[in-house]
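No hydrogens, no waters, no symmetry mates; every other heavy atom, side chains included, goes into these values. Letters go in sequence order (proteins before strands), and every chain restarts at 1.
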Amino acid sequence: MTGRQVYVPVLAVIVFLALWEALVWVMGWPNYKMASPSDLIPAYQKYWELFLVMGWQTLWRTVVGLLLAVVFGIALGMIMGFSRVMRDALYPLLVGFNAVPKATVVPIVALMFVGAHDFNTVLIAFMISFFPIAVSVSIGLSTLEPEYRDILRSLGASQATIFWKIALPKTLPEFFGALKVAVTLAFIGTNLMEIVSPHGRGLGALFDSGKTNSDYPLMFAVLIALAFLGIVLYYVVVALERIFAGWADRTA
Amino acid sequence: MENLIEIKAVRHSYRTASGPLPVLDGLEMSVPEGGFVAVVGPSGCGKSTLTRLVAGLLIPDHGEVYVHGTRITAPRSNVGMAFQNPVLLEWRTILQNVLLPLEIVPSKLSKAEGEERARRLLALVGLEGFENKRPSELSGGMKQRASLCRALIHSPEVLILDEPFGALDAFTREDLWQIMHRVKAEEPFTGVLITHDLRESIFLADQVVVLSGRPAKTQFVLDVPDTGPRTLDHLYTPEAAAMLNTLRHQIEIAQGRVPAGAAA
């Protein structure tokens, strides 16, 4: 990582915050209409302990949901990628499932597993984020040029060898592309559960309490904290991508 | 001389939505050990099907394919393949790509010996110094040369080349023809070359088989006389012109443009 790769994004964030501050100041908006970055600092100072505890709750449940989505998404993608019949059978179901707004699923899940807050939150994060992973893996596997297969098959290689040596590594760039989308989706899932079916845990609950107590700067502070967590997790995925699929990067 | 590859009365159809599509019907071919046969014919006549039969990737509906006296019923590891698409693995270096078959085929070579051999093959095709490059850093002709090394690394009895130079520009192609002669001299193999280029067929092969239109059968066989080491100059001799003319007529017959009797 060069210096430029660090200071350019940091500078962009500072410019963004400055423009935000200026906009609120020029328009003369009160903080219940739109809080400015300078309003957020007191909110963080006042509730920093809650931010740490609830931020962690949001983070770990998102990550667990995401890991489940990765495992399930890869398995499903493999089934659909290798079998035409399964692809034809599962695609409509999958698209239909994905088309159902997850906000409507939240109350159902909350009723189905009453009291299992952590489980419910992880479940929604998982349900909202496995789709792009499954689709990308299945497309990666089903579009493998037949010559790749033939090169190994003509040497007497087994299907498993072909998968490990060629199909899996070749699909990695698509997989990581999907994982970047899935990271943000998983955060949406976690917060949906935390806000729509509040149970006093996670940043979503903190947001909800800000709303109840008319603490508008707190609500904005939560949004920024969520954005921060999203960025952190995104860069974790980018780092993993560099390690496992760095060969696909042609810009260097 | 014993025939290494023997194709006898092969008939094969593909199943399609609108019923079976016969691609090969009455294919006869034999390649002696150390021979190099080029197969030409109209587009879509089943030339690639032929390579898949020899590699054991496809079992014919009727007839038999023998390699070294053994009837082919499944893929065997004594085959090396190179296609028009070089299909190098982008996450591996050129050297690691060339070594891939040794990871699958049981080999007598130790890891160091295999690497030594890979480096020697790469040097033979003029890729010395590119061992640690990625495929994306190589030109089309260089990728094809690396693909050739991968096809040869496990010393296969049969080398199958399915239009390996088809996507290259004319000069690069002629370059690779000469490299093929160099490789054959150093690393003897029995070869089957599928091509659309008649000049390529008579420059590289010692026998040219013309397939008829679909369903393909063996229509014509041309023996290319052995006149010692070939150079590109050979392509501009009257003998070469006569051979090319004969082949061109045969292709026209195969395409159905000219009745069989009209060929000189």
### Task
Could you please spell out the steps behind the side chain to side chain contact (heavy atoms under 4.5 Å, CB included) verdict for A:K170 and B:W91?
CA-CA 8 Å; A:K170 208 167 164 42; B:W91 53 95; 3.8 Å; yes

#### Entry: Heavy atoms from other residues, nucleotides or ligands near NZ of A:K180 exceed 12 (cutoff 6.0 Å)
yes

### Task
Begin from the C-alpha positions of A:L155 and B:L100 and carry the test side chain to side chain contact (heavy atoms under 4.5 Å, CB included) through to its verdict.
CA-CA 10 Å; A:L155 297 168; B:L100 177 71; 5.8 Å; no

### Query
Is the number of heavy atoms from other residues, nucleotides or ligands under 6.0 Å of B:Y14 OH greater than 12?
yes

### Query
Is the CZ atom of A:R201 crowded by more than 12 outside heavy atoms at less than 6.0 Å?
yes

### Task
Just give me the residue among B:L88, B:I160, B:N78 that pairs up with chain A most often, heavy atom to heavy atom, under 4.5 Å.
B:L88

### Summary
Interface check, chain B: of A:S158, A:S154, A:A157, A:A245, most non-hydrogen pairs under 4.5 Å belong to A:S154

### Task
Any chance you could measure B:I104, atom CD1, to A:I162, atom CD1, to the nearest 0.5 Å?
8.0 Å

### Task
Please say whether more than 12 non-hydrogen atoms of neighbouring residues, nucleotides or ligands are located less than 6.0 Å from OH in A:Y234.
no

### Query
Just how far is it from atom CG of B:L58 to atom CZ of A:R153, taken to the nearest 0.5 Å?
8.5 Å

### Evaluation steps, side chain to side chain contact (heavy atoms under 4.5 Å, CB included), between A:E147 and B:D162
CA-CA 11 Å; A:E147 288 101 328; B:D162 191 351; over 6 Å; no

### Query
In Å and rounded to the nearest 0.5 Å, what is the CZ to CG distance from B:R52 to A:D150?
4.5 Å

### Query
Between B:V105, B:L57, B:V79, which shows the greatest number of heavy-atom pairs under 4.5 Å with chain A?
B:L57

#### Entry: Contact class of B:R76 relative to chain A, heavy atoms under 4.5 angstrom
backbone

### Message
Within a 6.0 Å radius of atom CZ on A:F176, are there more than 12 heavy atoms belonging to other residues, nucleotides or ligands?
### Response
yes

#### Entry: Heavy-atom closest contact (A:K165 atom, B:L89 atom, distance)
O-CD1, 4.1 Å

### Message
Tell me whether the count of non-hydrogen atoms from other residues, nucleotides or ligands lying under 6.0 Å of OH in A:Y91 goes above 12.
### Response
yes

### Task
Can you establish whether the number of heavy atoms outside B:E128 located under 6.0 Å from its atom CD is more than 12?
no

### Query
For A:T161, is it the side chain, the backbone, both, or neither that has a heavy atom closer than 4.5 Å to a heavy atom of chain B?
side chain

#### Entry: Rounded distance (nearest 0.5 Å) linking atom CG of A:L152 with atom CE of B:M81
12.0 Å

